[in-house]
Amino acid sequence: MLLSARAPVLLLLWTLLFLSQCSELKVRVRLTDGHITEELLEAESEQDFISVEFKQADGTLITFVADFKQDVKIFRALILGELERGQSQYQALCFITRLSHNEIIPSESMARLRQKNPHTIRAAEEKRATEALSMNVAVNLTKAWQLSGHLYNMCSVAREAVYTREVDVRHWLDTGVEGSMFEILPQGVEVPELQSCRSVKDLWQPCSCSYSLRLEWYPCLLKYCRNREATGRGTPYKCGIKSCSKGYNFTYYTPHKHLCLWEEET
């Protein structure tokens, strides 16, 4: 629970400070599987972005960036490889979609947050429904700076595993983004034999891969309180945040099941 500086000190967990425009928070969070992780939340109001990063119990490093300047959000997963099965040390995936309004608090507000109880294990106040996303377009990173200045640094490790949605591409093309950076991936209609990687046995066969992740705790909304006035009217002011948890299920084409081995475990 977040309250303003006017609230009783004993109830204060967080404070909105108005001096700093850049911040870094470390928050202990309980994941869905029961494991405890430490989230690193960063905000930069001048560049107008927020990032959330944490490590899952299996060692996967999840990074999320909300770029408010370009209305773009980026998800990156660095998944530990299975060396005994011929994989590299890690496998990187990047997913890019449009950022909608009111998904997360503004970077300026995020940059002003300070935590008072760093050892407390946090749980989100609201658990939002898992969003299913069909990532049917590949993105060429050499031109992706037009979408966001964060994309190359975030996704260069993913090489050819950078994906977005056709519906988002249509929006970006309307804003003047160069279309040559996008490549529509094979779909089930074009490749009738395309199956879920879960049902494919040949490790070198193309298939439809699914990858799921969850942002277990992030500031999704600002809370407003009212001052009591003699007239009976209240003046609203920012007095805290609401925390949310949200899952994402990305489905995309992969040329080899070898690049989707986690499907065997589901």
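Heavy atoms only: backbone and side chains are in, while hydrogens, waters and symmetry mates are out. We number each residue from 1, following the sequence as shown. All values derive from a computational prediction rather than experimental measurement.
The closest donor-acceptor contact from the side chain of K257 to the backbone of V200 lies under 3.5 Å. The backbone N or O of Y218 lies less than 3.5 Å from no partner atom in the side chain of S243, so there is not a single donor-acceptor pair. Not a single donor-acceptor pair under 3.5 Å links the side chain of E53 to the backbone N or O of L40. D202 places a side-chain N or O within 3.5 Å of a backbone atom of W204 that can act as its donor or acceptor partner. T120 contributes no side-chain N or O that, together with a main-chain N or O of R28, makes up a donor-acceptor pair within less than 3.5 Å. With hydrogens and angles disregarded, a donor-acceptor distance shorter than 3.5 Å links the side chain of K246 to the backbone of A129. Looking at T164, its side chain never comes within 3.5 Å of a backbone N or O of V137 through a donor-acceptor pair.
Looking at I241 and K223, their side chains never come closer than 4.5 Å, going by heavy atoms from C-beta outward. With contacts defined as side-chain heavy-atom distances shorter than 4.5 Å, the pair R98/W172 qualifies. Between L133 and T251 the shortest side-chain heavy-atom distance does not fall below 4.5 Å. Counting only heavy atoms from C-beta outward, the side chains of L61 and Y90 never approach each other to under 4.5 Å. Between E44 and E42 the shortest side-chain heavy-atom distance does not fall below 4.5 Å. Under the 4.5 Å side-chain criterion, counting only non-hydrogen atoms from C-beta, H35 is not in contact with R30. Contact annotation: the side chain of H150 approaches that of F49 to within less than 4.5 Å [non-hydrogen atoms, C-beta and beyond]. Contact of the S245 side chain with the L215 side chain is not registered, since no non-hydrogen atoms from C-beta on lie closer than 4.5 Å.
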Take Y252 and T254 through the side-chain contact (heavy atoms from CB on, under 4.5 Å) test and state the conclusion after the steps.
CA-CA 6 Å; Y252 59 97; T254 183; 4.3 Å; yes

Steps toward side-chain contact (heavy atoms from CB on, under 4.5 Å) verdict (N136, Y163):
CA-CA 7 Å; N136 54 357; Y163 307 98; over 6 Å; no

Could you go through the side-chain contact (heavy atoms from CB on, under 4.5 Å) check for T97 and I74 one step at a time?
CA-CA 7 Å; T97 67; I74 309 164; over 6 Å; no

For a side-chain contact (heavy atoms from CB on, under 4.5 Å) check, start with the C-alpha distance between Q195 and S208, then their side-chain angles and the critical distance, and finish with the verdict.
CA-CA 6 Å; Q195 304 176 52; S208 177; over 6 Å; no

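D67 approaches G149 most closely through the heavy-atom pair OD2-N, 4.2 Å. Annotation for L80 and G59: closest pair CD1-CA, 3.9 Å, computed over non-hydrogen atoms. Heavy-atom minimum distance, C209 versus W262: SG-CZ2, 3.5 Å. I121 approaches V29 most closely through the heavy-atom pair CG2-C, 4.2 Å. Minimum interatomic distance between A111 and A43 (heavy atoms only, all atoms of both residues): N-CB, 3.6 Å. Between S212 and N249, the shortest heavy-atom contact is OG-OD1, 3.0 Å.
Here CD of E39 is found 11.0 Å from CD1 of I62. Values are rounded to the nearest 0.5 Å. Taken to the nearest 0.5 Å, the CD atom of Q205 stands 8.5 Å off from the CG atom of L194. Taking CZ of F68 as the start and CD of Q47 as the end, the distance is 13.5 Å to the nearest 0.5 Å. One distance of note links CZ of R170 with OG1 of T175; it measures 13.5 Å at 0.5 Å rounding. In this structure, L99 CG and K69 NZ are separated by 14.5 Å, a value rounded to the nearest 0.5 Å. Here CD of E103 is found 4.5 Å from OG of S100. Values are rounded to the nearest 0.5 Å.
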What side-chain donor-acceptor pairs closer than 3.5 Å can you find for residues 151-160, not counting sequence neighbours?
{"unit_1": "S156", "atom_1": "OG", "unit_2": "Y152", "atom_2": "O", "d": "3.1"}

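Pairing of C244 with C220 by a disulfide is supported, the SG atoms lying closer than 2.5 Å. Between C207 and C197, the two SG sulfurs come within 2.5 Å of each other, short of that mark.
A salt bridge is defined here as a Lys NZ or Arg NE, NH1 or NH2 lying under 4.0 Å from an Asp or Glu carboxylate O, and E216 with K127 fails to meet this definition.
Qualifying salt bridge (charged side-chain N to carboxylate O under 4.0 Å, His left out) partners for K143, counting only residues two or more places apart in sequence or in other chains: E178.
At least one test fails for K73 against the ring of F75: distance under 6.0 Å to the centre or angle within 45° of the axis.
Each of V162 and L78 belongs to its own hydrophobic cluster when Ile, Leu, Val, Met, Phe, Trp and Tyr are linked at side-chain heavy-atom distances under 4.5 angstrom. At a threshold of 4.5 Å between side-chain heavy atoms, the hydrophobic network of Ile, Leu, Val, Met, Phe, Trp and Tyr places L173 and M181 in one connected group. A continuous path of Ile, Leu, Val, Met, Phe, Trp and Tyr side chains, each step under 4.5 Å between heavy atoms, connects L25 with L31, placing both in one hydrophobic cluster. A single hydrophobic cluster is not seen to contain both L141 and W145; linkage of ILVMFWY side chains at heavy-atom distances under 4.5 Å, directly or through other members, places them apart.
With ring centers used as reference points, Y248 lies 6.0 Å or more from F95. For Y211 and F250, the ring centers are positioned 6.0 Å apart or more.
Of the N and O atoms on the side chains of S134 and R165, not one donor lies less than 3.5 Å from an acceptor on the other residue.
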